[in-house]
Amino acid sequence: QVQVVESGGGLVQAGGSLRLSCAASGRTFNMYNMGWFRQAPGKEREFVARISWSGGNVVYADSVKGRFTISRDNAKNTVYLQMNSLKPEDTAVYYCAAGTAFGSRSSSYSYWGQGTQVTVSS
């Protein structure tokens, strides 16, 4: 079992950057694929990015491609989401998730964090 805790959210102006972190507990962290999702007010949760257990395979949503970078440090049991060139439409609660399947659907992930708020002002 894995527990994940997100951090690094906050308020930033459009064009700015933030780095989210997702710290995971458990000795088997490096066996899990990791994903970032987000949910804006009044909208459904959507996929942002995912990274395979080894870090060798990454996938991004079209809306963040070229601006966001997902990475992981298995020695530190941590996944990161570097967010650059932020836009007001990136405002959402960002969630980290762990799962054994490598997919972009929420159902691919078994373990979820509580989320961290990202607000981008115009």
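- Across Val2 and Ala98, no two heavy atoms sit closer than the pair CG1-CB, 4.3 Å.
- Of all heavy-atom pairs between Asn77 and Ser25, the closest is ND2-C, 4.5 Å.
- In this structure a side-chain-to-backbone donor-acceptor pair under 3.5 Å is missing from Glu44 to Gln39.
- Closest of all the heavy-atom pairs between Ala40 and Ala92 is N-CB, 3.8 Å.
- Residues satisfying the side-chain hydrogen bond (donor to acceptor under 3.5 Å, both in side chains) test with Gln82, not counting sequence neighbours, are Asn84.
- Using a 4.5 Å heavy-atom threshold, the side chains of Val79 and Leu81 count as separate.
- Atoms CG and CE, from Asn74 and Met31 in turn, are 11.5 Å apart once rounded to the nearest 0.5 Å.
- Taking both residues in full, the closest heavy atoms of Ala24 and Val4 are given as CB-CG1, 3.9 Å, listed atom of the first, atom of the second, then distance.
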Practice item. Dump the intermediate steps for salt bridge (charged side-chain N to carboxylate O under 4.0 Å, His left out) on Lys65 and Asp62, then the final yes or no. Key: CA-CA 5 Å; Lys65 200 172 295 183; Asp62 288 342; 3.1 Å; yes

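- Among residues two or more places apart in sequence or in another chain, the side-chain hydrogen bond (donor to acceptor under 3.5 Å, both in side chains) test is passed with Ser104 by Arg50.
- You'll find the side chain of Tyr60 reaches within 4.5 Å of the side chain of Ile70, heavy atoms only.
- Residues Tyr80 and Phe68 are members of separate hydrophobic clusters, defined by side-chain heavy-atom contacts under 4.5 angstrom among Ile, Leu, Val, Met, Phe, Trp and Tyr.
- Here the side chains of Met83 and Leu20 are in contact, with some heavy-atom distance below 4.5 Å.
- In this structure, the side chain of Arg72 does not engage the main chain of Gly55 through any donor-acceptor pair within 3.5 Å.
- From Ser63, atom OG reaches atom NZ of Lys87 across 8.5 Å, with rounding to the nearest 0.5 Å.
- When atom types are taken as modelled, the side chain of Ser107 and the backbone of Arg105 share no donor-acceptor pair closer than 3.5 angstrom.
- Under a hydrophobic-cluster definition in which Ile, Leu, Val, Met, Phe, Trp and Tyr are linked whenever side-chain heavy atoms come within less than 4.5 Å, directly or via other members, Leu11 and Leu86 are assigned to different clusters.
- Annotation for Phe47: hydrophobic cluster partners, listed by chain and number, are Phe37, Val59, Val93, Tyr95, Phe102, Tyr109, Trp112 (ILVMFWY side-chain heavy atoms under 4.5 Å, direct or chained).
- Using a 4.5 Å heavy-atom threshold, the side chains of Arg45 and Ser106 count as touching.
- In this structure, the salt bridge (Lys or Arg N to Asp or Glu O under 4.0 Å) partners of Glu46, at least two apart in sequence or on a different chain, are Arg38.
- With sequence neighbours left out, the side-chain hydrogen bond (donor to acceptor under 3.5 Å, both in side chains) criterion links Arg19 to no other residue.
- Gln3 CD: 12 or fewer foreign heavy atoms inside a 6.0 Å radius.
- Residues Val5 and Val48 do not share a hydrophobic cluster, clusters being chains of Ile/Leu/Val/Met/Phe/Trp/Tyr side chains in contact below 4.5 Å.
- Between the Thr91 side chain and the Thr119 main chain, no donor and acceptor come within less than 3.5 Å of each other.
- Heavy atoms only, all atoms of each residue included: Ser17 and Ser85 are closest at OG-N, 4.3 Å.
- Among residues two or more places apart in sequence or in another chain, the side-chain hydrogen bond (donor to acceptor under 3.5 Å, both in side chains) test is passed with Thr100 by none.
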Practice item. Could you check Asn57 against Ile51 for side chain to side chain contact (heavy atoms under 4.5 Å, CB included), going step by step and ending with a plain yes or no? Key: CA-CA 6 Å; Asn57 194 348; Ile51 187 167; over 6 Å; no

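- The two residues Ala23 and Thr78 come nearest to each other via the heavy atoms CA-OG1, 4.3 Å.
- Judged by distance alone, with hydrogens and angles left aside, the side-chain atoms of Asn33 form a donor-acceptor pair with the main-chain N or O of Ala101 at under 3.5 Å.
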